[in-house]
Every structure is written in structure tokens, then in C-alpha cells.
Amino acid sequence: QVQLVESGGGSVQAGGSLRLSCAVPDFGAQTYQMGWFRQAPGKAREGVACIWSNGGRITYGDSVKNRFTISRDNAENIVYLQTDNLKPEDTARYYCAVAPMRLFFGVECLRDTNYNVWGQGTQVTVSS
């Protein structure tokens, strides 16, 4: 069973930064879509950022553009989400997800229903 493991969450003050990490199993030569999502209590899950397995085609949700950066380390099979200038409204549980053998264009990669492998999440709490 494929497992994703997120880490790097924590509590910070507004304006602070965190770097979230997601360890992805080695899919070999298979291409796949990677995404970061978040869900706050009482709210729907929201697509934050996504990237192709080869590092191409990066897309961000409107609420995090110019503040968050997604990247991947191909050698270590880790996908990062650098979160800067955090705001209290960024408080949520953050999840990484994979869609094996799928690549999406544009905002399609921010739809959670397109993914079938998920991690357990890591909590991010931002205080004002």
C-alpha cells in the first residue's frame, strides 16, 4: 500500500514561515501528479499547490499565490511546500496527495477528487 508521510507543520505567528515536506514512494519511471491540500475545521478541502513528478507544470491556489512555493527533490523523492508570510487564515491541516500515472493541466490539479493516494496530514496553526 502506497503511503505518503507529511512533516514540518507547527505553530507560528502571523508573518512567519514553515517548510512542509512529503515523502513519496519511488514510483520508478512512472509519471504522477503531486498536490498539497489543506482543510480547516468546518471547511471544505482546498487545493493549495500542485506539481508534476518531473517538476513541471506548477499551479497555485489563488489564496496562496506569491506566498507559498512548491518544489521537489527528485533524488530524495520529497515534495516541499514552503509557506511564507503566513496568515491566521492559513491555519489548517495540510495534506499531500498523489495521482499515479496521471498529469493534470491548470486548476484541474487542484481538485482533490483527482487524487487517490493521501497522507495523514500535518497541522499548521498561525496566530495573530
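This chain uses plain numbering: 1 for the first residue, then up along the sequence.
Contact record, Ala99 with Asn116: CA-OD1, 4.1 Å, taken as the closest heavy-atom pair. When all heavy atoms of Cys96 and Met34 are compared, the pair lying nearest together is CB-CE, 4.3 Å. In this structure, Ala97 and Leu4 approach most closely via the heavy-atom pair CA-CD1, 3.7 Å.
From Asn54, atom CG reaches atom CG of Asn74 across 8.0 Å, with rounding to the nearest 0.5 Å. Taking CD1 of Ile70 as the reference point, atom CG of Leu81 lies at 6.5 Å (rounded to 0.5 Å). The CD1 atom of Ile58 lies 4.0 Å from the CD1 atom of Ile51; values are rounded to the nearest 0.5 Å.
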Please output the side-chain donor-acceptor pairs of residues 120-128 that fall under 3.5 Å, not counting sequence neighbours, one pair per line with the distance.
| residue | atom | partner | partner atom | Å |
| --- | --- | --- | --- | --- |
| Thr122 | OG1 | Gly9 | N | 3.1 |
| Gln123 | NE2 | Ala92 | O | 3.4 |
| Ser127 | OG | Val12 | O | 3.4 |

Show the atom names and distances, to 0.1 Å, of all donor-acceptor pairs under 3.5 Å that link a side chain in residues 17-28 to residues at least two apart or in another chain.
| residue | atom | partner | partner atom | Å |
| --- | --- | --- | --- | --- |
| Ser17 | OG | Asp84 | OD1 | 2.8 |
| Asp26 | OD1 | Gly28 | N | 2.8 |

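Sequence neighbours left out, the pairs with a member in residues 33-88 that pass disulfide (SG to SG under 2.5 Å) are Cys50-Cys109. Applying the salt bridge (charged side-chain N to carboxylate O under 4.0 Å, His left out) test to pairs two or more places apart or on separate chains, those with a residue in residues 109-128 are Arg45-Asp112, Glu108-Arg111. The list of salt bridge (charged side-chain N to carboxylate O under 4.0 Å, His left out) pairs with a residue in residues 72-83, not counting sequence neighbours, is empty. Sorted by first and then second residue, the pairs that involve residues 33-42 and meet side-chain hydrogen bond (donor to acceptor under 3.5 Å, both in side chains), not counting sequence neighbours, are Gln33-Trp52, Arg38-Glu46, Arg38-Ser63, Arg38-Asp90, Arg38-Tyr94.
Under the rule for a side-chain hydrogen bond (donor to acceptor under 3.5 Å, both in side chains), the partners of Lys65 that lie at least two apart in sequence or sit in another chain are Asp62. In this structure, the ring pair (Phe, Tyr, Trp, His ring centres under 6.0 Å) partners of Tyr115, at least two apart in sequence or on a different chain, are Phe37.
In the displayed structure, Gln13 atom CD is contacted under 6.0 Å by at most 12 heavy atoms of other residues, nucleotides or ligands. In this structure, Asn66 places its CG atom where only 12 or fewer heavy-atom neighbours from other residues, nucleotides or ligands lie under 6.0 Å away.
Both Tyr32 and Val117 are part of a single hydrophobic cluster, where members link through side-chain heavy atoms under 4.5 Å apart. Phe105 and Val107 are members of different hydrophobic clusters when ILVMFWY side chains are connected at heavy-atom separations under 4.5 Å.
The shortest side-chain heavy-atom distance between Tyr95 and Glu6 falls under the 4.5 Å cut-off. Contact check for Gln82 versus Phe68: no side-chain heavy atoms found under the 4.5 Å cut-off. Counting only heavy atoms from C-beta outward, the side chains of Tyr60 and Thr69 approach each other to under 4.5 Å.
In this structure, Met101 stands alone, with no Ile, Leu, Val, Met, Phe, Trp or Tyr side-chain heavy atom under 4.5 Å from its own, directly or through other members.
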